[in-house]
Amino acid sequence: QVQLNQAGGGLVQPGDSLRLSCVASGRTVSRAVVAWFRQAPGKEREFLAALFRGGSTPHYADAVRGRFTISRDNAKNTVYLQMNNLKPEDTAVYYCAVDSNLILSSIRVSSQYDYWGQGTQVTVSS
């Protein structure tokens, strides 16, 4: 059984940084597509970033490119999302997702992922 356990998040001020983590069990992250999404109240779940299985080239949404960085530590079976220069519009519940069978053209589609973390709230406010 695959489980994703998220940590990080919280209340920060604009311009601050946060790092989210997602520890996987039951699935090796180096052999899976790993991604981060977020969902703000009243909005659809939004793709943020992904790493294709075995790959090191990250894929980002335009809204976060240059501010957010996705990475994975294969030894710890953990995926990270480093978020810098946070803005109020980044306020949302953030989710990690993992899937072993996605093709590259589907990595931005939330419905294609089989496994999700529990979500963590990020609030950016002064």
Side-chain angles (χ1 to χ4, degrees):
Q1 183 176 357
V2 179
Q3 290 189 331
L4 303 177
N5 187 25
Q6 295 182 224
L11 173 63
V12 297
Q13 295 186 342
D16 284 353
S17 297
L18 274 178
R19 189 178 77 160
L20 307 181
S21 63
C22 175
V23 181
S25 59
R27 186 61 50 91
T28 302
V29 297
S30 63
R31 300 176 185 173
V33 176
V34 296
W36 289 94
F37 290 79
R38 69 186 178 190
Q39 190 165 17
K43 294 187 177 181
E44 294 186 353
R45 196 162 293 191
E46 175 188 15
F47 169 80
L48 298 176
L51 285 169
F52 200 61
R53 53 182 174 272
S56 59
T57 302
H59 303 265
Y60 293 107
D62 290 343
V64 303
R65 184 177 290 110
R67 297 190 299 124
F68 290 11
T69 303
I70 186 173
S71 62
R72 59 184 158 199
D73 184 330
N74 295 334
K76 296 182 178 179
N77 215 33
T78 300
V79 184
Y80 300 99
L81 185 68
Q82 177 67 41
M83 305 184 293
N84 298 329
N85 190 24
L86 284 161
K87 304 175 181 181
E89 52 264 42
D90 294 319
T91 296
V93 178
Y94 284 68
Y95 298 90
C96 61
V98 169
D99 198 282
S100 296
N101 301 311
L102 290 182
I103 59 176
L104 187 58
S105 60
S106 297
I107 64 173
R108 298 171 182 259
V109 182
S110 61
S111 62
Q112 297 295 307
Y113 287 82
D114 286 339
Y115 304 106
W116 292 86
Q118 79 274 22
T120 185
Q121 176 71 44
V122 173
T123 303
V124 185
S125 175
S126 56

So does Val29 get a backbone contact from the side chain of Arg72, meaning a donor-acceptor N/O pair under 3.5 Å?
yes
Taking side chain as C-beta onward, heavy atoms only, is Asp90 less than 4.5 Å from Arg67?
yes
When you compare the side chain of Asp16 with that of Val124, does any pair of heavy atoms fall below 4.5 Å?
no
Would you say Ile107 and Ile70 are hydrophobically clustered, going by side-chain heavy atoms of ILVMFWY under 4.5 Å?
no
Say you draw a straight line from CG of Asp114 to CG of Asp99; how long is it, rounded to the nearest 0.5 Å?
4.5 Å
Counting distance only, does the side-chain N/O of Arg108 pair as donor-acceptor with the main-chain N or O of Ala50 below 3.5 Å?
no
Value rounded to 0.5 Å, distance of CG in Leu86 from OG1 in Thr123
10.5 Å
If hydrophobic clusters are built from ILVMFWY residues whose side chains come within less than 4.5 Å, do Val93 and Leu20 share one?
no
Flag if over 12 foreign heavy atoms under 6.0 Å of CD, Glu89
yes
Qualifying residues under side-chain hydrogen bond (donor to acceptor under 3.5 Å, both in side chains), relative to Gln82, sequence neighbours excluded
Asn84
Determine, step by step, whether Thr91 and Gln121 satisfy the side chain to side chain contact (heavy atoms under 4.5 Å, CB included) criterion, reporting the C-alpha distance in whole Å, the side-chain angles of both residues, the deciding distance to 0.1 Å, and the verdict.
CA-CA 8 Å; Thr91 296; Gln121 176 71 44; 3.9 Å; yes
State, to 0.1 Å, how close Thr120 and Gly8 come at their nearest heavy-atom pair, and which atoms those are.
OG1-O, 2.8 Å
Mind checking whether Ser25 and Asn77 have side chains closer than 4.5 Å, heavy atoms only?
no
Taking atom OG of Ser100 and atom CZ of Arg31, what is their separation to the nearest 0.5 Å?
9.5 Å
Check the hydrophobic clustering (I, L, V, M, F, W, Y; side-chain heavy atoms under 4.5 Å; chains of links allowed) and say if Phe52 and Tyr115 are grouped together.
no
Answer whether the closest heavy-atom distance between the side chains of Trp36 and Leu51 falls below 4.5 Å.
no
When every non-hydrogen atom of Val34 is compared with those of Val98, the smallest separation belongs to CG1-CG2, 3.9 Å
Please determine if Arg19 forms a cation-pi arrangement with Tyr80, meaning its NZ or CZ atom is less than 6.0 Å from the six-membered ring centre and no more than 45° off the ring axis.
yes
Is there a path of hydrophobic side-chain contacts, each under 4.5 Å between heavy atoms of I, L, V, M, F, W or Y residues, that connects Phe47 with Val79?
no
Work out which heavy atom in Gln118 is nearest to a heavy atom in Leu4; give both atom names and the distance.
OE1-O, 3.5 Å
Quick check: do Leu81 and Phe68 have side-chain heavy atoms less than 4.5 Å from each other?
yes
What distance do Ser17 atom OG and Met83 atom CE have between them, rounded to the nearest 0.5 Å?
9.0 Å
N/O donor-acceptor pair under 3.5 Å between Tyr95 side chain and Ala35 backbone
no
Could you check whether any side-chain N or O of Asn5 sits under 3.5 Å from a backbone N or O of Val23, counting only pairs where one atom can act as donor and the other as acceptor?
no
In short, Gln6 meets Gly119 closest at the heavy-atom pair OE1-N, 3.0 Å
What heavy-atom pair brings Arg38 and Ala92 nearest, and what distance separates the two atoms?
CB-CB, 3.9 Å
Any His59 side-chain heavy atom under 4.5 Å of Leu104 side chain
yes
Looking at Ala32 and Arg27, what are the two nearest heavy atoms and their distance?
CB-CG, 4.3 Å
Main-chain N/O of Tyr60 paired with Arg65 side-chain donor or acceptor, under 3.5 Å:
yes
Is the Phe37 ring parallel, tilted or perpendicular to the Tyr113 ring (thresholds 30°, 60°)?
perpendicular
